[in-house]
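For the numbers below, each heavy atom of this structure counts, side chains included, while hydrogens, waters and symmetry mates do not. Indexing begins at 1, ligand by ligand and atom by atom, following the structure's order.
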Amino acid sequence: MLITSQFKEKFGQTPAFIARAPGRLEFIGNHLDYNGGPVLGAAIDRYVTVAIGPRTDDRIVLVSDAQEVRVEIALSAVVPLSGDVSWGNYPLGMLKVMCDAGMPVEKGFNLLVTNDLPIGAGLSSSAAIELATGYALSALYHYPVNRKQMAIFGRAAENTFVGMPCGILDQGCSAFGQAGSLVLIDCTKNEFSNRAMPDGTHFWVFNTHKKHALIDSFYATRNKECMEATAILQKKNPELANLASATEAELEAAKENLGAERYKRALHVVRETARVRDTLAALAAGGPVRIGKNLTASHESSRDLFENSCEELDFLVAHVTKMPGVFGARLSGGGFGGAVMALTDGSFTAESAKQLVADYAGKFGNAPSIFHAKTGAGAGLL
Ligand code: GLA
(Lines give C-alpha, C1' and ligand atoms only; values in the text may rest on other atoms or scores of the structure.)
Protein backbone atom coordinates (compact mmCIF):
# COMPACT_ATOMS: atom_id res chain seq x y z
CA MET A 1 0.00 0.00 0.00
CA LEU A 2 1.24 3.49 -0.84
CA ILE A 3 0.77 4.75 2.71
CA THR A 4 3.13 2.01 3.99
CA SER A 5 5.99 3.21 1.82
CA GLN A 6 5.22 6.87 2.59
CA PHE A 7 5.29 6.06 6.29
CA LYS A 8 8.61 4.21 5.97
CA GLU A 9 10.07 7.14 4.08
CA LYS A 10 8.96 9.68 6.70
CA PHE A 11 9.61 7.73 9.88
CA GLY A 12 12.05 4.97 8.94
CA GLN A 13 9.80 2.28 10.37
CA THR A 14 7.02 0.02 9.12
CA PRO A 15 3.59 1.15 10.34
CA ALA A 16 2.07 -1.04 13.03
CA PHE A 17 -1.51 -0.34 11.92
CA ILE A 18 -3.40 1.37 9.13
CA ALA A 19 -6.94 2.67 9.60
CA ARG A 20 -9.28 4.66 7.46
CA ALA A 21 -12.55 6.57 7.80
CA PRO A 22 -14.86 7.99 5.14
CA GLY A 23 -16.20 11.48 4.57
CA ARG A 24 -19.93 12.00 4.74
CA LEU A 25 -22.83 13.63 3.01
CA GLU A 26 -25.62 15.10 5.08
CA PHE A 27 -28.72 13.70 3.35
CA ILE A 28 -31.39 15.51 5.37
CA GLY A 29 -31.79 16.80 8.92
CA ASN A 30 -29.98 20.12 8.81
CA HIS A 31 -28.75 21.30 12.22
CA LEU A 32 -30.95 18.71 13.90
CA ASP A 33 -28.22 16.63 15.53
CA TYR A 34 -27.41 18.97 18.42
CA ASN A 35 -31.15 19.69 18.72
CA GLY A 36 -31.97 16.04 19.44
CA GLY A 37 -33.60 15.28 16.11
CA PRO A 38 -33.32 12.39 13.68
CA VAL A 39 -30.79 12.87 10.88
CA LEU A 40 -29.94 10.93 7.74
CA GLY A 41 -26.48 10.96 6.19
CA ALA A 42 -24.23 8.70 4.19
CA ALA A 43 -20.57 7.75 4.22
CA ILE A 44 -18.96 8.28 0.84
CA ASP A 45 -16.21 6.20 -0.71
CA ARG A 46 -13.53 8.84 -0.16
CA TYR A 47 -11.36 8.36 2.85
CA VAL A 48 -8.83 9.68 5.28
CA THR A 49 -6.28 6.91 5.81
CA VAL A 50 -3.77 6.97 8.64
CA ALA A 51 -0.72 4.85 9.46
CA ILE A 52 0.60 4.63 12.99
CA GLY A 53 3.81 3.33 14.54
CA PRO A 54 5.05 3.23 18.14
CA ARG A 55 7.87 5.44 19.46
CA THR A 56 10.20 4.62 22.31
CA ASP A 57 10.06 8.16 23.73
CA ASP A 58 7.13 10.32 24.84
CA ARG A 59 6.85 12.30 21.59
CA ILE A 60 3.88 12.46 19.27
CA VAL A 61 4.76 13.24 15.66
CA LEU A 62 2.01 13.96 13.15
CA VAL A 63 2.56 14.35 9.41
CA SER A 64 -0.11 14.93 6.77
CA ASP A 65 0.09 14.76 2.99
CA ALA A 66 -2.30 17.71 2.87
CA GLN A 67 -0.43 19.95 5.33
CA GLU A 68 3.03 21.37 5.02
CA VAL A 69 3.77 21.60 8.69
CA ARG A 70 4.42 18.59 10.86
CA VAL A 71 3.27 18.59 14.48
CA GLU A 72 5.53 17.45 17.26
CA ILE A 73 4.48 17.53 20.88
CA ALA A 74 5.19 15.68 24.14
CA LEU A 75 2.55 13.32 25.49
CA SER A 76 2.46 15.28 28.73
CA ALA A 77 1.91 18.58 26.89
CA VAL A 78 -1.11 17.83 24.69
CA VAL A 79 -3.15 21.05 24.44
CA PRO A 80 -5.13 22.55 21.53
CA LEU A 81 -2.81 24.16 18.99
CA SER A 82 -3.33 27.25 16.88
CA GLY A 83 -1.92 28.54 13.61
CA ASP A 84 -0.58 26.25 10.91
CA VAL A 85 -0.25 23.29 13.25
CA SER A 86 -3.93 23.44 14.25
CA TRP A 87 -4.77 20.60 11.85
CA GLY A 88 -3.15 18.43 14.54
CA ASN A 89 -6.07 19.16 16.89
CA TYR A 90 -8.22 16.44 15.29
CA PRO A 91 -5.82 13.56 16.01
CA LEU A 92 -4.66 15.13 19.29
CA GLY A 93 -8.26 15.70 20.40
CA MET A 94 -9.00 12.03 19.78
CA LEU A 95 -5.93 11.02 21.79
CA LYS A 96 -6.92 13.30 24.66
CA VAL A 97 -10.53 12.08 24.79
CA MET A 98 -9.49 8.42 24.66
CA CYS A 99 -6.82 8.91 27.34
CA ASP A 100 -9.38 10.67 29.55
CA ALA A 101 -11.66 7.66 29.06
CA GLY A 102 -8.91 5.35 30.35
CA MET A 103 -6.77 4.35 27.35
CA PRO A 104 -3.33 3.42 28.73
CA VAL A 105 -0.64 5.41 26.89
CA GLU A 106 2.94 5.36 28.11
CA LYS A 107 4.99 6.01 24.98
CA GLY A 108 4.36 8.27 22.00
CA PHE A 109 3.63 7.47 18.35
CA ASN A 110 4.22 8.54 14.77
CA LEU A 111 1.14 9.16 12.66
CA LEU A 112 0.85 9.82 8.94
CA VAL A 113 -2.47 11.19 7.64
CA THR A 114 -3.34 10.83 3.95
CA ASN A 115 -6.46 12.11 2.35
CA ASP A 116 -8.43 11.48 -0.82
CA LEU A 117 -11.34 13.54 0.46
CA PRO A 118 -11.60 17.10 -0.79
CA ILE A 119 -10.78 19.27 2.26
CA GLY A 120 -13.15 22.13 3.07
CA ALA A 121 -15.82 20.79 0.72
CA GLY A 122 -18.33 20.17 3.47
CA LEU A 123 -17.66 16.42 3.31
CA SER A 124 -16.29 16.37 6.83
CA SER A 125 -12.66 15.48 6.47
CA SER A 126 -12.29 16.47 10.13
CA ALA A 127 -14.57 13.70 11.41
CA ALA A 128 -12.76 11.28 9.10
CA ILE A 129 -9.37 12.22 10.61
CA GLU A 130 -10.80 11.76 14.09
CA LEU A 131 -12.31 8.36 13.39
CA ALA A 132 -9.32 7.00 11.47
CA THR A 133 -6.99 8.17 14.26
CA GLY A 134 -9.32 6.67 16.85
CA TYR A 135 -9.11 3.21 15.27
CA ALA A 136 -5.33 3.48 14.87
CA LEU A 137 -4.88 4.50 18.53
CA SER A 138 -7.23 1.82 19.77
CA ALA A 139 -5.13 -0.83 17.96
CA LEU A 140 -1.76 0.57 19.01
CA TYR A 141 -2.66 0.89 22.69
CA HIS A 142 -4.79 -2.28 22.89
CA TYR A 143 -7.86 -0.34 23.89
CA PRO A 144 -10.96 -1.81 22.21
CA VAL A 145 -13.69 0.70 21.29
CA ASN A 146 -17.00 -0.12 19.61
CA ARG A 147 -18.41 1.91 16.72
CA LYS A 148 -20.88 3.86 18.76
CA GLN A 149 -18.30 4.81 21.36
CA MET A 150 -15.85 5.77 18.60
CA ALA A 151 -18.42 8.18 17.11
CA ILE A 152 -19.07 9.62 20.59
CA PHE A 153 -15.32 10.07 21.17
CA GLY A 154 -15.03 11.85 17.80
CA ARG A 155 -17.76 14.29 18.68
CA ALA A 156 -16.24 14.85 22.13
CA ALA A 157 -12.88 15.63 20.49
CA GLU A 158 -14.61 18.34 18.41
CA ASN A 159 -16.62 19.74 21.30
CA THR A 160 -13.98 19.73 24.02
CA PHE A 161 -10.64 19.98 22.19
CA VAL A 162 -11.20 21.53 18.75
CA GLY A 163 -13.85 23.83 20.20
CA MET A 164 -16.58 23.18 17.63
CA PRO A 165 -20.03 22.70 19.20
CA CYS A 166 -21.19 20.19 16.58
CA GLY A 167 -23.56 17.27 16.95
CA ILE A 168 -22.84 13.65 16.10
CA LEU A 169 -23.88 13.57 12.42
CA ASP A 170 -20.41 13.60 10.86
CA GLN A 171 -18.77 11.14 13.22
CA GLY A 172 -21.86 8.87 13.23
CA CYS A 173 -21.94 8.64 9.43
CA SER A 174 -18.21 8.04 9.22
CA ALA A 175 -18.48 5.24 11.80
CA PHE A 176 -21.69 3.55 10.62
CA GLY A 177 -21.57 4.05 6.84
CA GLN A 178 -22.23 1.12 4.53
CA ALA A 179 -22.09 0.96 0.75
CA GLY A 180 -25.60 1.34 -0.67
CA SER A 181 -26.98 2.71 2.59
CA LEU A 182 -27.91 5.83 4.42
CA VAL A 183 -27.14 6.18 8.11
CA LEU A 184 -30.05 7.10 10.37
CA ILE A 185 -29.11 8.64 13.70
CA ASP A 186 -31.48 9.21 16.57
CA CYS A 187 -29.46 11.98 18.16
CA THR A 188 -31.33 11.92 21.48
CA LYS A 189 -30.44 8.32 22.17
CA ASN A 190 -27.28 8.10 20.03
CA GLU A 191 -28.82 5.17 18.16
CA PHE A 192 -27.44 4.35 14.74
CA SER A 193 -28.98 2.21 11.98
CA ASN A 194 -28.90 1.91 8.20
CA ARG A 195 -31.54 2.41 5.52
CA ALA A 196 -31.13 1.28 1.91
CA MET A 197 -30.66 4.05 -0.65
CA PRO A 198 -33.67 4.23 -2.97
CA ASP A 199 -33.10 2.00 -6.02
CA GLY A 200 -31.41 3.63 -8.99
CA THR A 201 -30.56 6.91 -7.23
CA HIS A 202 -27.24 8.72 -7.29
CA PHE A 203 -25.51 11.50 -5.40
CA TRP A 204 -23.91 14.41 -7.20
CA VAL A 205 -21.95 16.94 -5.19
CA PHE A 206 -21.32 20.50 -6.35
CA ASN A 207 -18.57 22.10 -4.32
CA THR A 208 -18.57 25.90 -4.40
CA HIS A 209 -15.11 26.09 -2.77
CA LYS A 210 -16.60 28.97 -0.88
CA LYS A 211 -15.94 28.96 2.82
CA HIS A 212 -17.16 31.88 4.82
CA ALA A 213 -14.36 33.29 6.95
CA LEU A 214 -16.66 33.30 9.97
CA ILE A 215 -18.08 29.85 9.32
CA ASP A 216 -17.21 28.46 12.75
CA SER A 217 -18.60 31.42 14.62
CA PHE A 218 -21.79 31.36 12.49
CA TYR A 219 -22.23 27.70 13.35
CA ALA A 220 -21.72 28.43 17.04
CA THR A 221 -24.22 31.30 16.83
CA ARG A 222 -26.90 29.05 15.33
CA ASN A 223 -26.24 26.47 18.02
CA LYS A 224 -26.60 29.17 20.69
CA GLU A 225 -29.83 30.52 19.17
CA CYS A 226 -31.28 27.01 19.20
CA MET A 227 -30.28 26.44 22.84
CA GLU A 228 -31.83 29.76 23.82
CA ALA A 229 -35.04 28.91 21.96
CA THR A 230 -35.14 25.54 23.74
CA ALA A 231 -34.73 27.20 27.14
CA ILE A 232 -37.54 29.69 26.39
CA LEU A 233 -39.89 26.89 25.29
CA GLN A 234 -38.96 24.79 28.32
CA LYS A 235 -40.13 27.57 30.63
CA LYS A 236 -43.65 26.97 29.31
CA ASN A 237 -43.23 23.22 28.92
CA PRO A 238 -40.64 21.73 31.30
CA GLU A 239 -41.30 18.32 29.74
CA LEU A 240 -39.83 19.41 26.42
CA ALA A 241 -36.68 17.33 25.91
CA ASN A 242 -35.18 19.33 23.03
CA LEU A 243 -36.02 21.69 20.20
CA ALA A 244 -36.65 18.92 17.67
CA SER A 245 -39.50 17.63 19.89
CA ALA A 246 -41.34 20.96 19.95
CA THR A 247 -44.54 21.49 17.93
CA GLU A 248 -45.34 24.39 15.64
CA ALA A 249 -48.22 25.26 17.98
CA GLU A 250 -45.74 25.61 20.86
CA LEU A 251 -43.59 27.91 18.76
CA GLU A 252 -46.60 30.02 17.81
CA ALA A 253 -47.60 30.35 21.46
CA ALA A 254 -44.07 31.46 22.41
CA LYS A 255 -43.48 33.61 19.34
CA GLU A 256 -43.17 36.88 21.21
CA ASN A 257 -40.81 35.49 23.83
CA LEU A 258 -38.68 33.85 21.21
CA GLY A 259 -38.26 36.96 19.10
CA ALA A 260 -38.09 36.93 15.31
CA GLU A 261 -34.66 35.30 14.84
CA ARG A 262 -35.02 32.50 17.35
CA TYR A 263 -38.54 31.81 16.12
CA LYS A 264 -37.24 31.29 12.58
CA ARG A 265 -34.41 29.00 13.73
CA ALA A 266 -36.83 26.96 15.82
CA LEU A 267 -39.38 26.73 13.01
CA HIS A 268 -36.65 25.36 10.73
CA VAL A 269 -35.75 22.72 13.31
CA VAL A 270 -39.35 21.64 13.90
CA ARG A 271 -40.24 21.47 10.20
CA GLU A 272 -36.95 19.81 9.27
CA THR A 273 -37.69 17.12 11.84
CA ALA A 274 -41.03 16.49 10.10
CA ARG A 275 -39.24 16.32 6.74
CA VAL A 276 -36.81 13.70 8.04
CA ARG A 277 -39.74 11.61 9.30
CA ASP A 278 -41.53 11.97 5.98
CA THR A 279 -38.32 11.01 4.16
CA LEU A 280 -38.06 7.87 6.30
CA ALA A 281 -41.63 6.95 5.33
CA ALA A 282 -40.84 7.64 1.67
CA LEU A 283 -37.68 5.51 1.88
CA ALA A 284 -39.77 2.62 3.20
CA ALA A 285 -42.21 3.12 0.32
CA GLY A 286 -39.42 3.53 -2.26
CA GLY A 287 -40.37 7.03 -3.37
CA PRO A 288 -37.44 9.16 -4.63
CA VAL A 289 -39.78 11.87 -5.95
CA ARG A 290 -41.22 12.50 -2.51
CA ILE A 291 -37.74 12.32 -0.98
CA GLY A 292 -36.43 14.82 -3.51
CA LYS A 293 -39.20 17.28 -2.60
CA ASN A 294 -38.15 17.05 1.03
CA LEU A 295 -34.51 17.67 0.13
CA THR A 296 -35.33 20.82 -1.81
CA ALA A 297 -37.76 22.02 0.86
CA SER A 298 -34.98 21.52 3.41
CA HIS A 299 -32.73 23.78 1.39
CA GLU A 300 -35.41 26.44 1.13
CA SER A 301 -35.84 26.33 4.87
CA SER A 302 -32.07 26.74 5.37
CA ARG A 303 -32.19 29.68 3.01
CA ASP A 304 -35.22 31.43 4.52
CA LEU A 305 -35.46 30.35 8.16
CA PHE A 306 -32.16 29.03 9.42
CA GLU A 307 -30.28 31.48 7.20
CA ASN A 308 -27.24 29.26 6.80
CA SER A 309 -27.21 29.26 3.00
CA CYS A 310 -25.52 31.70 0.61
CA GLU A 311 -26.04 33.02 -2.90
CA GLU A 312 -23.83 30.38 -4.51
CA LEU A 313 -25.60 27.46 -2.85
CA ASP A 314 -29.02 28.95 -3.64
CA PHE A 315 -28.04 29.37 -7.28
CA LEU A 316 -26.92 25.76 -7.58
CA VAL A 317 -30.05 24.37 -5.93
CA ALA A 318 -32.39 26.57 -7.96
CA HIS A 319 -30.76 25.51 -11.22
CA VAL A 320 -29.98 21.88 -10.62
CA THR A 321 -33.51 21.10 -9.43
CA LYS A 322 -34.86 22.22 -12.82
CA MET A 323 -32.70 19.70 -14.66
CA PRO A 324 -33.97 16.36 -15.95
CA GLY A 325 -33.20 13.38 -13.75
CA VAL A 326 -32.86 15.45 -10.55
CA PHE A 327 -35.19 14.54 -7.66
CA GLY A 328 -34.04 17.29 -5.31
CA ALA A 329 -31.04 19.15 -3.98
CA ARG A 330 -29.89 20.95 -0.86
CA LEU A 331 -26.89 22.33 0.92
CA SER A 332 -25.17 19.51 2.76
CA GLY A 333 -23.62 20.17 6.16
CA GLY A 334 -23.25 23.26 8.30
CA GLY A 335 -23.82 25.76 5.47
CA PHE A 336 -22.45 29.29 4.91
CA GLY A 337 -20.57 27.90 1.91
CA GLY A 338 -19.50 24.35 1.14
CA ALA A 339 -21.36 22.00 -1.12
CA VAL A 340 -24.75 21.22 -2.61
CA MET A 341 -25.86 17.62 -2.86
CA ALA A 342 -28.32 16.50 -5.54
CA LEU A 343 -30.23 13.20 -5.59
CA THR A 344 -30.63 12.07 -9.19
CA ASP A 345 -31.55 9.09 -11.30
CA GLY A 346 -29.02 7.32 -13.52
CA SER A 347 -29.61 9.63 -16.48
CA PHE A 348 -27.79 12.56 -14.85
CA THR A 349 -24.13 12.86 -15.87
CA ALA A 350 -21.31 15.40 -15.57
CA GLU A 351 -22.16 16.23 -19.18
CA SER A 352 -25.68 17.24 -18.08
CA ALA A 353 -24.20 19.72 -15.62
CA LYS A 354 -21.96 21.49 -18.15
CA GLN A 355 -24.35 24.35 -18.83
CA LEU A 356 -25.00 24.81 -15.12
CA VAL A 357 -21.27 25.01 -14.45
CA ALA A 358 -20.84 27.56 -17.24
CA ASP A 359 -23.75 29.68 -15.94
CA TYR A 360 -22.38 29.52 -12.41
CA ALA A 361 -18.89 30.50 -13.58
CA GLY A 362 -20.41 33.39 -15.57
CA LYS A 363 -22.07 34.71 -12.43
CA PHE A 364 -19.54 33.96 -9.71
CA GLY A 365 -16.28 33.88 -11.63
CA ASN A 366 -15.15 30.38 -10.68
CA ALA A 367 -16.52 26.94 -11.55
CA PRO A 368 -17.85 24.59 -8.89
CA SER A 369 -16.22 21.18 -8.88
CA ILE A 370 -18.57 18.33 -9.54
CA PHE A 371 -18.26 14.90 -8.12
CA HIS A 372 -20.36 11.74 -8.44
CA ALA A 373 -20.30 10.49 -4.87
CA LYS A 374 -20.81 6.82 -4.13
CA THR A 375 -21.72 5.55 -0.70
CA GLY A 376 -18.89 3.78 1.09
CA ALA A 377 -17.95 1.65 4.06
CA GLY A 378 -17.61 2.97 7.60
CA ALA A 379 -14.41 3.55 9.54
CA GLY A 380 -12.11 0.77 10.68
CA LEU A 381 -8.68 -0.84 10.59
CA LEU A 382 -7.41 -2.02 7.20
C1 GLA B 1 -21.85 20.21 10.55
C2 GLA B 1 -21.73 19.64 11.95
C3 GLA B 1 -22.80 18.57 12.21
C4 GLA B 1 -24.20 19.10 11.88
C5 GLA B 1 -24.21 19.78 10.51
C6 GLA B 1 -25.49 20.51 10.22
O7 GLA B 1 -21.57 19.22 9.61
O8 GLA B 1 -20.45 19.08 12.16
O9 GLA B 1 -22.74 18.12 13.54
O10 GLA B 1 -24.67 19.96 12.88
O11 GLA B 1 -23.15 20.72 10.36
O12 GLA B 1 -26.58 19.63 10.19
Side-chain angles (χ1 to χ4, degrees), residues 21-44 48 89-90 93-94 117-131 151-177 182-188 190 192 205 207 211-212 214-227 230 242-244 265-266 268-273 275-276 279 294-295 297-299 301-303 305-310 313 330-341:
R24 67 96 187 92
L25 277 176
E26 176 186 287
F27 189 61
I28 193 163
N30 191 246
H31 286 257
L32 292 193
D33 54 1
Y34 58 82
N35 283 305
V39 295
L40 276 164
I44 58 171
V48 167
N89 288 339
Y90 303 107
M94 216 48 198
L117 249 179
I119 293 184
L123 299 172
S124 205
S125 53
S126 50
I129 299 182
E130 288 150 6
L131 275 273
I152 292 172
F153 282 154
R155 179 189 180 190
E158 288 277 350
N159 292 169
T160 64
F161 198 86
V162 176
M164 162 83 174
C166 64
I168 202 157
L169 167 77
D170 307 346
Q171 292 79 10
C173 291
S174 188
F176 283 88
L182 299 168
V183 179
L184 170 65
I185 310 177
D186 174 330
C187 302
T188 315
N190 276 343
F192 305 83
V205 178
N207 180 9
K211 190 174 189 234
H212 201 289
L214 296 176
I215 191 161
D216 291 349
S217 76
F218 282 160
Y219 185 95
T221 304
R222 290 295 177 275
N223 183 311
K224 185 165 163 275
E225 289 166 340
C226 290
M227 296 310 132
T230 312
N242 50 51
L243 195 51
R265 311 302 182 237
H268 167 82
V269 168
V270 170
R271 289 185 178 164
E272 184 77 350
T273 302
R275 278 188 288 272
V276 178
T279 301
N294 281 323
L295 299 181
S298 163
H299 182 81
S301 176
S302 281
R303 183 191 63 199
L305 296 176
F306 211 68
E307 296 178 290
N308 60 331
S309 186
C310 62
L313 296 171
R330 57 183 296 274
L331 68 82
S332 180
F336 309 107
V340 159
M341 173 217 80

Next on the checklist: How far is atom 8 (O) of ligand 1 from the closest protein heavy atom, and which atom is that?
Outcome noted: Asp170 OD2, 2.6 Å
Next on the checklist: Check contact between Gly333 and ligand 1, using heavy atoms of the residue and a distance below 4.0 angstrom.
Outcome noted: yes
Checklist entry - Taking only heavy atoms of Asn30, which atoms of ligand 1 are found under 4.0 Å from at least one of them? => result 12 (O)
Checklist entry - What protein heavy atom sits nearest atom 7 (O) of ligand 1, and how far off is it? => result Arg24 NH2, 2.8 Å
Item to check | Interfacing atoms of ligand 1 (cut-off 4.0 Å, heavy-atom, Gly167) | outcome: 9 (O)
Checklist entry - Taking only residues two or more places apart in sequence or in another chain, which ones pass side chain to side chain contact (heavy atoms under 4.5 Å, CB included) with Thr188? => result Asp186, Asn242
Checklist entry - Taking all atoms of both residues into account, what is the closest heavy-atom pair of Val205 and Ala339, and its distance? => result CG1-CB, 3.8 Å
Checklist entry - Using a distance-only test with no angle check, is there a side-chain donor-acceptor pair under 3.5 angstrom linking Ser298 and Arg330? => result yes
Checklist entry - How far is atom 9 (O) of ligand 1 from its nearest protein heavy atom, and which residue and atom name does that atom have? => result Asp33 OD2, 2.5 Å
Item to check | Among Tyr34, Phe336, Phe306, the one residue meeting ring pair (Phe, Tyr, Trp, His ring centres under 6.0 Å) with Tyr219 | outcome: Tyr34
Item to check | Nearest neighbour in protein (non-hydrogen) for atom 5 (C) of ligand 1 | outcome: Glu26 OE1, 3.5 Å
Next on the checklist: So that I can tick it off, tell me whether Arg275 and Glu272 are bridged by a salt bridge, with the cut-off set at under 4.0 angstrom between side-chain N and carboxylate O.
Outcome noted: yes
Checklist entry - What's the shortest heavy-atom distance between Leu32 and Val39, and which atoms? => result CB-CG1, 3.7 Å
Checklist entry - In the protein, which heavy atom is nearest to atom 2 (C) of ligand 1, and how far is it? => result Tyr219 OH, 3.4 Å
Checklist entry - Got a sec, which residues hit side chain to side chain contact (heavy atoms under 4.5 Å, CB included) with Ala127, two or more places apart in sequence or on another chain? => result Ser124, Glu130, Asp170, Gln171
Item to check | N or O pair under 3.5 Å between Gly334 and ligand 1 | outcome: yes
